[in-house]
K.L.:
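Once you've had a glance at the structure underneath, I'll fire off some questions.
First the proteins, then the strands, lettered A, B, ... as listed; each starts at 1.
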Number of protein chains: 2
Amino acid sequence: MQDNQYIQHPRYHVAVDCVIFGYEEGVLKLLLYPRGFEPSLGNWSLLGGFVQEKESVEDASRRVLLNTTGLRDIYLQQVSTFSRPDRDPGARVISVVSYALVHIDKYDKELVRDHGAHWWPVDKMPQFIFDHKSMVQSALFKLQQDASVKLVGKELLPDLFTLNQLRSLYGAIFQKDFDPANFRKKILSLGVLEKTSIKNTTESRKGAFCYKFKEETEMRVSDRIVKFI
Amino acid sequence: MQDNQYIQHPRYHVAVDCVIFGYEEGVLKLLLYPRGFEPSLGNWSLLGGFVQEKESVEDASRRVLLNTTGLRDIYLQQVSTFSRPDRDPGARVISVVSYALVHIDKYDKELVRDHGAHWWPVDKMPQFIFDHKSMVQSALFKLQQDASVKLVGKELLPDLFTLNQLRSLYGAIFQKDFDPANFRKKILSLGVLEKTSIKNTTESRKGAFCYKFKEETEMRVSDRIVKFI
DNA sequence: CCAAAAGTGTTACGCCTACACCCATGG
DNA sequence: CCATGGGTGTAGGCGTAACACTTTTGG
């Protein structure tokens, strides 16, 4: 492509939309924003923004996440690009969707409240604007794919967690119950967790030992954690 | 986002780049175009083009494929979006990469020759322009992912093919040899192939029966074909 | 004591791997 | 008749699923 060829081609707004996953009380949740004006008033929207001159799509997503949740160093994965010419009735906008995994207890509550945002369980989601519903579906699928070859959890759970909390998280991600005994053996065999001497007694009478992720180890594992995906 | 908010944001050229896979003589190949001018003269480029006013990214990719290979109804999958601000030295261009699977004997030879294009084996690729090398790597990875849960072959092989041709194709995609006996059993157990009475004697003295894909069946299989990815 | 979660052990089954082995045929 | 690819059969191993069973402790 020659430089002078560029000029004759149209240019578009390029947006980023973030599917922000958090995990709380055994439920996988999504941070969404209510749309305050027509069209699509009352429906809910992903957190988004426009790509600025000197940033990449990833930069833009991180900027948007920082501005609305106050969080840095977030685990972020690109999902897919949505580009139907009529997808946004306001103007031609091409949107790159990513998902983010955040610690639901660490975000800036004030900032989020000021934006009117709300955490929605993934199995009870509201009406979305535009094509945001299929964005969420794509993001969830991508998360499942990733979680089947990489142990997610560091990004969503507290630093110390029990194996049953991790199992519940995987249950929430895959919408499926995992056998406690087998899940325990499978996960421990991966060798990426470290047992601590701390017991968590909030969820059972007996109390369960807490684990943490080993430093330095890549959580991407050689064989898949979840076989069926 | 309100309509009047759009105007203050920058707009960019949005391109599509296609990683076109073909399969010939046991080798997985890529259709590439030589760059005829500086910068990056002599290096090779993916087939690309700009997204026009009334088309989606997918539309644009299909248009570009049609214009340069003469092929319609191509199997096309979006891979990822590349957006580093400096990725194209000529101008700010955000590019959405897809891969295409084509029958290497059916494309329009003249059209391709006129463009100076050339099929390159994936294991002997030339120098690329810009970030096209990592585009190809991402595309190959995505193809591997897809081929492990969906039987690709309809899109790359002739209508009638032997199981060993299919095995060679999978070997080329995953850069790994599959055991003939085990591959045969695994593939046939999927139940998506139909044996014909036609024998192909070009590749062995004994001759091998040709198979074809069953009509109507979805080639996406429940358990994965290739376990290690 | 009992319910309920934590944690360990056992068994059976399915699938994959790695071969051995027969078949057909052109040179 | 033999080298070569086509095609079938089989034994071993590994991982998982299913589930029994034991431990701990607050109510």
K.L.:
Do any N or O atoms from the side chain of B:Ser148 and from the backbone of B:Arg224 form a donor-acceptor pair under 3.5 angstrom?
P.N.:
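Absent.
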K.L.:
How many whole angstroms separate atom CG of A:Asn200 from atom P of D:dT24?
P.N.:
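Atom-to-atom, A:Asn200 to D:dT24, this comes out as 18 Å.
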K.L.:
At a heavy-atom distance below 4.0 Å, what parts of residues 156-171 of chain B sit against DNA chain D?
P.N.:
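Residues of residues 156-171 of chain B under 4.0 Å from DNA chain D: B:Asn164.
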K.L.:
Does any donor atom in the side chain of B:Asn200 or B:Thr202 lie under 3.5 Å from an acceptor atom in the other side chain?
P.N.:
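Indeed, the side chains of B:Asn200 and B:Thr202 share at least one donor-acceptor pair under 3.5 Å.
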K.L.:
Strictly distance-based, threshold 3.5 Å: is any side-chain N or O of B:Gln165 a donor or acceptor partner for the main-chain N or O of B:Thr162?
P.N.:
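Side chain of B:Gln165 to backbone of B:Thr162, a donor-acceptor pair under 3.5 Å: yes, one is there.
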K.L.:
Quick check, are the ring centers of A:Phe82 and A:Phe130 under 6.0 angstrom apart?
P.N.:
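Between A:Phe82 and A:Phe130, the centre distance exceeds or equals 6.0 Å.
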K.L.:
Can we call the ring centroids of B:Trp119 and B:Phe21 under 6.0 Å apart?
P.N.:
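Aromatic pair excluded; centres sit 6.0 Å or further apart.
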K.L.:
Show the distances under 3.5 angstrom between N or O atoms of the protein and N or O atoms of nucleotides 21-27 of chain C.
P.N.:
from: C:dC23; atom 1: O2; to: B:Lys206; atom 2: NZ; distance (Å): 3.0

K.L.:
What does the B/S/- profile of nucleotides 8-18 of chain D look like, 5' to 3', with a 4.0 Å heavy-atom cutoff to protein?
P.N.:
BBB-----SBB
K.L.:
I'd like to check the side-chain hydrogen bond (donor to acceptor under 3.5 Å, both in side chains) partners of B:Thr68; sequence neighbours left out, ordered by chain and number.
P.N.:
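Here no residue qualifies.
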K.L.:
B:Glu58: what forms a side-chain contact (heavy atoms from CB on, under 4.5 Å) with it, not counting sequence neighbours?
P.N.:
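With sequence neighbours excluded, B:Glu58 shows a side-chain contact (heavy atoms from CB on, under 4.5 Å) to B:Ser56, B:Arg62, B:Leu76, given in chain and number order.
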K.L.:
Do A:Lys212 and A:Asp159 meet the salt-bridge criterion of a basic N to acidic O distance under 4.0 Å?
P.N.:
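Between A:Lys212 and A:Asp159 there is no salt bridge, as every charged N stays at least 4.0 Å from the carboxylate O atoms.
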K.L.:
Just checking A:Phe161 against A:Tyr23, ring centres under 6.0 Å apart?
P.N.:
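No, the ring of A:Phe161 stays outside the 6.0 Å limit from the ring of A:Tyr23, centre to centre.
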K.L.:
Separation of B:Asp177 atom CG from D:dG5 atom P, in whole Å?
P.N.:
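These atoms are roughly 13 Å apart.
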K.L.:
Kindly write out the residues that satisfy side-chain contact (heavy atoms from CB on, under 4.5 Å) with B:Arg205, not counting sequence neighbours, or none if the list is empty.
P.N.:
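side-chain contact (heavy atoms from CB on, under 4.5 Å) check on B:Arg205 returns nothing, list empty.
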